[in-house]
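Here's the structure we're looking at; comments come further down.
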Amino acid sequence: MINLILFGPPGSGKGTQASKLVEQYNLMHISTGDLFRYEMGNDTPLGKEAKSYISKGELVPDSVTIGMLKNKVNANPDVPGFIFDGFPRTVNQAEALDEFLGSKNEKVTALISLGVKDEELISRLLERGKTSGRADDSDESIIKNRLEVYKSETTPVFDYYNEKMMARKVDGHGTIAQIFTRLCHVIDEVAV
Ligand code: ADP
């Protein structure tokens with residue numbers, strides 16, 4: 001089983017690349033952001049709770065996020081592997097993921113981090129906000145808060161897997177096709 005964490009700041013292209021990678025490697029894409037948006041769209045209790053954090057550019061509490069992720073994995077027992085996009089976003093989530101996969105005799109194959117400079121992230125997110133209908137993409141102060149939260153809460157997840165020699169960096173600048181090629185090279189190395 002291949003279990004990849006596609007990692008990087010908001011706007012680094014994780015969702016775009018994940019949808020290409022699932023076709024190439026026949027994996028299941030789990031985006032916690034997409035799962036929350038689905039719940040918010042249906043105005044479920046989980047969606048309402050998530051919205052109160054997402055609209056401010058804050059993280060949804062780990063207890064909520066981890067449970068939702070586990071349910072999604074458990075609902076898909078027969079897939080050849082997963083691409084986790086937007087999860088784990090805290091070290092606590094990373095530890096929970098490792099423990100959860102371990103309980104199934106599985107493990108994270110690698111974390112692949114897309115690096116993109118801040119100016120480019122802000123302009124990509126504002127551009128996406130014009131068409132995505134996502135309130136968290138339309139306001140520069142919310143975007144900046146998301147980038148701050150990424151730096152303080154989420155970058156330690158890179159260090160956590162890096163210490164285990166499981167983290168790889170990929171340059172996230174360039175065309176979608178160029179970045180996809182770079183990612184495939186890394187995946188072909190780690191997923192043997
Ligand atoms: P982006 O990567 O562009 O920020 P996502 O769609 O991955 O977008 O996430 C949107 C929002 O959903 C995040 O800003 C956060 O509030 C919430 N969210 C997504 N994944 C997680 C997670 N693993 N833990 C906590 N909150 C999350």
Side-chain angles (χ1 to χ4, degrees), residues 3-19 21-22 28-42 44-73 82-101 108 111-158 160-161 170 172 176 179 183:
N3 295 301
L4 296 170
I5 299 171
L6 195 54
F7 189 80
S12 57
K14 301 184 295 289
T16 305
Q17 295 296 335
S19 35
L21 291 168
V22 290
M28 174 158 188
H29 176 203
I30 300 186
S31 156
T32 41
D34 286 349
L35 294 176
F36 286 132
R37 280 185 287 279
Y38 177 80
E39 299 288 336
M40 292 191 290
N42 288 311
T44 63
L46 196 157
K48 286 194 183 106
E49 180 172 9
K51 191 173 187 176
S52 65
Y53 298 95
I54 292 176
S55 61
K56 290 184 248 161
E58 289 168 9
L59 294 183
V60 180
D62 284 345
S63 54
V64 176
T65 308
I66 292 166
M68 180 180 74
L69 187 281
K70 286 183 178 175
N71 286 342
K72 189 72 183 172
V73 171
F82 295 96
I83 295 183
F84 298 106
D85 159 10
F87 186 94
R89 247 174 162 101
T90 62
V91 171
N92 187 31
Q93 290 179 14
E95 287 168 349
L97 178 65
D98 285 351
E99 194 186 305
F100 175 58
L101 291 177
V108 170
L111 173 149
I112 307 177
S113 174
L114 283 170
V116 178
K117 52 183 194 312
D118 277 6
E119 308 90 83
E120 167 109 13
L121 294 172
I122 294 170
S123 77
R124 283 189 194 176
L125 290 169
L126 286 170
E127 199 52 42
R128 182 169 81 183
K130 288 181 193 164
T131 53
S132 69
R134 281 179 56 171
D136 60 341
D137 282 346
S138 309
D139 179 319
E140 193 157 342
S141 71
I142 294 174
I143 290 175
K144 288 201 165 134
N145 192 36
R146 285 159 63 199
L147 294 176
E148 285 306 312
V149 170
Y150 175 79
K151 280 179 191 138
S152 60
E153 310 244 2
T154 306
T155 54
V157 173
F158 180 89
Y160 172 88
Y161 285 106
V170 165
I176 290 173
I179 299 163
L183 287 169

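We count ligands from 1, going down the list as the structure has it; atoms in each ligand are counted the same way.
Applying the ring pair (Phe, Tyr, Trp, His ring centres under 6.0 Å) criterion to Tyr150, with sequence neighbours excluded, gives Phe7. Applying the ring pair (Phe, Tyr, Trp, His ring centres under 6.0 Å) rule to Phe87 yields no partners; only residues at least two apart in sequence or on another chain are considered. The side-chain contact (heavy atoms from CB on, under 4.5 Å) search around Lys51 returns Met40, not counting sequence neighbours.
Taking 4.5 Å as the limit, every side-chain heavy atom of Phe84 sits out of range of all side-chain heavy atoms of Val108.
Contact check on Asp137 versus Arg146 returns a salt bridge, with a Lys/Arg side-chain nitrogen under 4.0 Å from an Asp/Glu carboxylate oxygen.
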Write none if no such pair exists; otherwise list each N/O atom of ligand 1 with its protein N/O partner under 3.5 Å and the distance.
unit_1	atom_1	unit_2	atom_2	d
ligand 1	2 (O)	Lys14	NZ	3.2
ligand 1	2 (O)	Arg89	NH2	3.2
ligand 1	3 (O)	Arg128	NH2	2.9
ligand 1	3 (O)	Arg146	NH2	3.0
ligand 1	4 (O)	Arg89	NH2	3.0
ligand 1	4 (O)	Arg146	NH2	2.9
ligand 1	6 (O)	Arg37	NH1	2.8
ligand 1	6 (O)	Arg37	NH2	2.8
ligand 1	7 (O)	Arg89	NH1	3.2
ligand 1	8 (O)	Arg134	NH2	3.2
ligand 1	16 (O)	Glu58	O	2.6
ligand 1	20 (N)	Thr32	OG1	2.7
ligand 1	20 (N)	Gly86	O	3.3
ligand 1	20 (N)	Arg89	NH1	3.1
ligand 1	23 (N)	Gly86	O	2.8
ligand 1	23 (N)	Gln93	OE1	2.9
ligand 1	24 (N)	Gln93	NE2	2.8
ligand 1	26 (N)	Val60	N	3.0

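Atom OH of Tyr160 sits about 8.5 Å away from atom CG of Leu97, to the nearest 0.5 Å.
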